[in-house]
Asks: 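Please read through the structure below; I'll follow up with questions.
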Amino acid sequence: MFRLICNFKSYRNQQWSRKLATDTKSADLSAPPAPTVAKKTGAGFFQRVSSFLVGAGLSALVSQYYIYQELVYGNRTMISKQKELEQRLSKLETKK
């Protein structure tokens, strides 16, 4: 885009003058540069789909990690409470 703007500015600032047939040897016969056509910008369909899939995959991995950590913590607390209950029951059974 910047190149297109620079080419347009240089094209616009050129001095145009008519040449006679006798001046052809000294005249610049090259045509003015053709304006460049800007390419279509933006992401294509497959790039958008792949970006979506990468984002969905990363969020799935992060949420899976947090769920796993929550399960580990929950299992540890349940096991510790189960051990406490078993100890209390064994104390009550030994008292009798």
Side-chain angles (χ1 to χ4, degrees):
M1 183 71 180
F2 181 71
R3 182 182 292 169
L4 177 66
I5 292 170
C6 291
N7 286 343
F8 180 72
K9 285 181 180 178
S10 65
Y11 180 75
R12 187 178 58 175
N13 293 334
Q14 286 182 348
Q15 295 288 334
W16 296 100
S17 62
R18 291 186 164 188
K19 305 288 183 190
L20 298 174
T22 57
D23 296 335
T24 56
K25 293 180 183 175
S26 64
D28 185 18
L29 297 177
S30 64
T36 58
V37 178
K39 290 186 176 182
K40 181 181 169 184
T41 58
F45 176 73
F46 290 109
Q47 186 177 4
R48 291 179 188 209
V49 169
S50 64
S51 297
F52 170 76
L53 292 176
V54 167
L58 286 175
S59 63
L61 286 174
V62 169
S63 62
Q64 182 181 2
Y65 174 76
Y66 281 119
I67 289 171
Y68 175 75
Q69 292 296 325
E70 189 174 331
L71 285 173
V72 167
Y73 176 72
N75 285 341
R76 285 182 185 161
T77 56
M78 286 183 1
I79 289 173
S80 66
K81 287 183 180 184
Q82 180 68 27
K83 285 182 182 179
E84 288 175 8
L85 283 173
E86 288 177 1
Q87 288 175 358
R88 285 172 48 192
L89 280 174
S90 66
K91 284 182 185 178
L92 287 174
E93 289 176 352
T94 56
K95 283 186 178 180
K96 289 185 178 181

Asks: With clusters built from Ile, Leu, Val, Met, Phe, Trp and Tyr whose side-chain heavy atoms come within less than 4.5 Å, directly or transitively, what are the remaining members of the cluster of Ile79, listed by chain and number?
Replies: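 Noted: Ile79 shares its cluster with no other residue.
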Asks: Atom NZ of Lys91 and atom NZ of Lys95: how far apart are they, to the nearest 0.5 Å?
Replies: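 Taking NZ in Lys91 and NZ in Lys95, the distance rounds to 8.5 Å.
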Asks: Side chains of residues 42-53: which donor-acceptor partners sit under 3.5 Å, not counting sequence neighbours?
Replies:
unit_1	atom_1	unit_2	atom_2	d
Arg48	NE	Ala43	O	3.3
Ser50	OG	Phe46	O	3.1
Ser50	OG	Gln47	O	2.9
Ser51	OG	Gln47	O	2.9

Asks: How many angstroms lie between OG in Ser80 and NZ in Lys83, if you round to the nearest 0.5 Å?
Replies: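 Interatomic distance, Ser80 OG to Lys83 NZ, rounded to 0.5 Å: 8.5 Å.
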Asks: Enumerate, atom names and distances included, each donor-acceptor pair closer than 3.5 Å involving a side-chain atom of residues 61-75, sequence neighbours excluded.
Replies:
unit_1	atom_1	unit_2	atom_2	d
Ser63	OG	Ser59	O	3.1
Ser63	OG	Ala60	O	3.0
Asn75	ND2	Leu71	O	3.4

Asks: Of all residues at least two apart in sequence or in a different chain, which pass the side chain to side chain donor-acceptor pair (under 3.5 Å) check with Gln87?
Replies: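 Gln87 satisfies side chain to side chain donor-acceptor pair (under 3.5 Å) with no residue once adjacent residues are dropped.
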